Chemist: 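Quick one: the structure is below, questions incoming.
Quick caveat: nothing in here was measured; it's all calculated off a predicted structure.
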Amino acid sequence: WFFRNRTLNATDRYAQGYHPPEVRHQGGATIGGPIEKNKLFFFLNGEVTDRNFPGLNRITGGFNDSSGRLRETCTATPAQCDAAIQFVQRGNGGLNGPGVLVLRTASSQLIFGKVDWQPTERDSFSFSANYMRWESPNGIQTQAVLTNNNLVSNNANSAVRTRYGRASWTRVITPTQVNEFRFGWFKDRLSDDAARHLWPSSVPLGLRLSGPPVGGATDYPRINPSEQRFQLVNNYSWTAGRHNLKFGVDITTNEDYLNLLRNQFGTYTYSNLTAFARDFSGNALNAKNYQNFTQSFGNPILRFRTNDYNAYSQDSWKITPNFSWNWALRYEFTQFDQPKQVNPDYPQTGTIHQPNMNFAPRVSLSYALNDKTVIRSGFGIFYARFPGSFLQNLYFSNGLYQPQIFVQPNMIGAPVFPAIFSSNQGLPASSVSLTFADKGLSKPYVMQGNFAIERQLTSTVGLTVSY
């Protein structure tokens, strides 16, 4: 059992002397042992966390100074200024206020189980499973104190579900050959419901004033993502004389589901308090004093699959007693769905290049000059996966699937605050933005090399110089 409260916590430097409460309880239990002597074993662990940690929301910077006091002068009518100040300072506890305490809790439950089985001297099996549940109302923002109004205007309820199961079989084929096979199933779901009680109105209209957000949180609700992954791995090791050889394959398939439409209710951006005050109330002439307006439309649902095919070979060769040489070659190929919707005005949005020349050689050596000095050096190329968020952006942002607009007040058809567009029909000209992949798109990779000299100075002291 673990307990924590604010007693021993230092006061946050931005809290102006206020110490937000914090109470955390964390407990768990573990049990394990043999089911059948020297054959079958089990292990079980459970853990529960309960936390109450309200956060202090403040607004510093932008239209306020570093202490949270209003520094901008409003030159609209007194009634317009009063209404605007009351609205934008609600996250500060009023004009020149001390901030607002936002209630926030978190709870999680975690269960993990494992069974190991060795039916013969040459075979061993392992099975494990995990379940995790996380709920945190108002918990997207986790800091004790936020000075950018994000606890009020960019917050939501966080929920996470994680489950996985794994199975492995290790087989000793001969005294010099070993094979390992693994299967894995993983399920992750991140679902963030909107914290509607923090919205200033019935919809989360986005609003930025001199920098900080002062409207509703524009990215929620969302499921981002719900992912199911299956993985098959096989590794084979063979010791032949001075060679230690390894070969392996790794096949993974990912199924992603998203329910996400950022900024669907629009966002107005203002450069100063006076401009906002003139639009916010008493705007009988339908003036447009904002800098710009943005909004997204379209289908929030996206499903796509990504398949990864990887293989490698490796040899550790002991050439002489004081000289070792290692080499390896890895190949990676990622296959993913092509866009289901193509923008006819931009045919590039219909194709995402799948690079297939992803060879990653690696080499290293170790040479002992004597019994106290060793030289080591290595070089390798390492590829990274295409991030799911990168593919997601290409699918969403073709100008049709989830079209986004950028409107300036002098454009024909520009809205009057707080109006938004009901659809993307008849939008102002030249206001649609899109993203597509370069025809030579390649996987991200790094080239890494090192050189080191190790020297034993005494029986208990060593020195390593590396670059």
Chemist: Quick one: does Y395's side chain have a donor or acceptor within less than 3.5 Å of a partner on D337's backbone?
Modeler: yes
Chemist: Between R104 and E22, does at least one N-O distance fall below 4.0 Å, as a salt bridge requires?
Modeler: no
Chemist: Hey, could you give me the CD/CZ distance between Q295 and F293, rounded to the nearest 0.5 Å?
Modeler: 4.0 Å
Chemist: Taking only residues two or more places apart in sequence, or in another chain, which ones meet R58 in a side chain to side chain donor-acceptor pair (under 3.5 Å)?
Modeler: Q16
Chemist: Looking only at atom types and distance, does a side-chain atom of N157 sit under 3.5 Å from a main-chain N or O of N138, one as donor and one as acceptor?
Modeler: yes
Chemist: Quick one: does S281's side chain have a donor or acceptor within less than 3.5 Å of a partner on A83's backbone?
Modeler: no
Chemist: Enumerate, atom names and distances included, each donor-acceptor pair closer than 3.5 Å involving a side-chain atom of residues 106-117, sequence neighbours excluded.
Modeler:
unit_1: Q109; atom_1: OE1; unit_2: R133; atom_2: NH1; d: 3.1
unit_1: D116; atom_1: OD1; unit_2: S126; atom_2: OG; d: 2.8

Chemist: How would you list, by chain and number, every residue that makes a salt bridge (charged side-chain N to carboxylate O under 4.0 Å, His left out) with R229, sequence neighbours excluded?
Modeler: E227
Chemist: So do the side chains of I381 and P361 get within less than 4.5 Å of each other, counting heavy atoms only?
Modeler: yes
Chemist: Can you pull the side-chain hydrogen bond (donor to acceptor under 3.5 Å, both in side chains) pairs that have at least one residue in residues 68-83, sequence neighbours excluded?
Modeler: E72-S210, T75-T274, T77-Q80
Chemist: Regarding N149 and N57, is there a side-chain donor-to-acceptor distance under 3.5 Å anywhere?
Modeler: yes
Chemist: Is any side-chain heavy atom of P344 closer than 4.5 Å to a side-chain heavy atom of L400?
Modeler: yes
Chemist: Enter the distance from F396:CZ to Y401:OH here, rounded to the nearest 0.5 Å.
Modeler: 6.0 Å
Chemist: Any chance you could measure K443, atom NZ, to F333, atom CZ, to the nearest 0.5 Å?
Modeler: 9.5 Å
Chemist: What's the separation between atom CZ in F297 and atom OG in S422, rounded to the nearest 0.5 Å?
Modeler: 8.0 Å
Chemist: Which of parallel (below 30°), tilted (30 to 60°) and perpendicular (above 60°) describes Y445 and Y383?
Modeler: tilted
Chemist: For E180, enumerate each residue passing the salt bridge (charged side-chain N to carboxylate O under 4.0 Å, His left out) test, keeping only those at least two apart in sequence or located in another chain.
Modeler: R182
Chemist: Apply salt bridge (charged side-chain N to carboxylate O under 4.0 Å, His left out) to R305 and list each qualifying residue two or more places apart in sequence or on a separate chain.
Modeler: E255
Chemist: Does the side chain of N154 reach to within under 4.5 Å of the side chain of Y220, using non-hydrogen atoms?
Modeler: yes
Chemist: Quick check against the 3.5 Å criterion: does S296 have a side-chain atom that pairs as donor or acceptor with the backbone of R262?
Modeler: yes
Chemist: Identify the two heavy atoms, one from Y18 and one from L101, that lie closest to each other, and give their separation to 0.1 Å.
Modeler: OH-CD2, 3.5 Å
Chemist: So, do D250 and D308 sit near enough that their side-chain heavy atoms are less than 4.5 Å apart?
Modeler: no
Chemist: How many angstroms lie between atom OG of S168 and atom CG of N234, to the nearest 0.5 angstrom?
Modeler: 11.5 Å
Chemist: Is the closest side-chain heavy-atom distance between E332 and R385 below 4.5 Å?
Modeler: no
Chemist: Provide the closest heavy-atom pair for H353 versus G440 in the form atom of the first, atom of the second, distance.
Modeler: CD2-C, 4.2 Å
Chemist: Sort and list the pairs that fulfil side-chain hydrogen bond (donor to acceptor under 3.5 Å, both in side chains) and have at least one residue in residues 40-50, not counting sequence neighbours.
Modeler: Q26-E47, T30-N45
Chemist: Name the atoms and distances for all side-chain donor-acceptor pairs under 3.5 Å in residues 88-100, with sequence neighbours left out.
Modeler:
unit_1: Q89; atom_1: OE1; unit_2: N64; atom_2: ND2; d: 3.2
unit_1: Q89; atom_1: NE2; unit_2: N64; atom_2: OD1; d: 2.9
unit_1: R90; atom_1: NH1; unit_2: F87; atom_2: O; d: 3.1
unit_1: R90; atom_1: NH1; unit_2: V214; atom_2: O; d: 2.7
unit_1: R90; atom_1: NH2; unit_2: V214; atom_2: O; d: 3.1
unit_1: R90; atom_1: NH2; unit_2: G215; atom_2: O; d: 3.2
unit_1: N92; atom_1: OD1; unit_2: I59; atom_2: N; d: 2.9
unit_1: N92; atom_1: ND2; unit_2: G68; atom_2: O; d: 2.8
unit_1: N96; atom_1: OD1; unit_2: L70; atom_2: N; d: 2.9

Chemist: Test of understanding: with side chain to side chain donor-acceptor pair (under 3.5 Å), list the residues that count as partners of D193, not counting sequence neighbours.
Modeler: R196
Chemist: Identify the residue among T334, T253, N254 that makes a side-chain hydrogen bond (donor to acceptor under 3.5 Å, both in side chains) with N307.
Modeler: T253
Chemist: I'd like to check the salt bridge (charged side-chain N to carboxylate O under 4.0 Å, His left out) partners of R303; sequence neighbours left out, ordered by chain and number.
Modeler: none
Chemist: Suppose the criterion is disulfide bond (SG atoms under 2.5 Å apart): which pairs have a residue in residues 40-103, not counting sequence neighbours?
Modeler: C74-C81
Chemist: Using atom types as modelled and distance alone, determine if a side-chain donor or acceptor of Q231 lies under 3.5 Å from a backbone N or O of F183.
Modeler: no
Chemist: In terms of the angle between their ring planes, are F280 and F417 parallel, tilted or perpendicular, with boundaries placed at 30° and 60°?
Modeler: tilted
Chemist: So do the side chains of N398 and F436 get within less than 4.5 Å of each other, counting heavy atoms only?
Modeler: no
Chemist: Any donor and acceptor pair, going by atom type alone, linking the side chain of Q404 with main-chain N or O of T294 inside 3.5 Å?
Modeler: no
Chemist: May I have the list of side-chain donor-acceptor pairs in residues 285-292 shorter than 3.5 Å, sequence neighbours left out?
Modeler:
unit_1: K288; atom_1: NZ; unit_2: A414; atom_2: O; d: 2.8
unit_1: N289; atom_1: ND2; unit_2: D279; atom_2: OD1; d: 2.7
unit_1: Y290; atom_1: OH; unit_2: P415; atom_2: O; d: 2.6

Chemist: Nearest 0.5 Å please: distance from the CG atom of L302 over to the OH atom of Y257.
Modeler: 10.0 Å
Chemist: Determine whether Q118 and F41 make a side-chain contact, defined as any pair of heavy atoms from C-beta on separated by less than 4.5 Å.
Modeler: no
Chemist: Hey, does the side chain of Y268 reach the backbone of A419 with a donor-acceptor pair shorter than 3.5 angstrom?
Modeler: yes
Chemist: Ignoring hydrogens and geometry, is there a side-chain-to-backbone donor-acceptor pair from Q338 to I352 under 3.5 Å?
Modeler: yes
Chemist: Would you indicate whether the side-chain heavy atoms of L260 and Q392 approach each other to under 4.5 Å?
Modeler: yes
Chemist: If you compare all heavy atoms of G61 against all heavy atoms of P212, which two are closest, and at what distance to 0.1 Å?
Modeler: O-CG, 3.9 Å
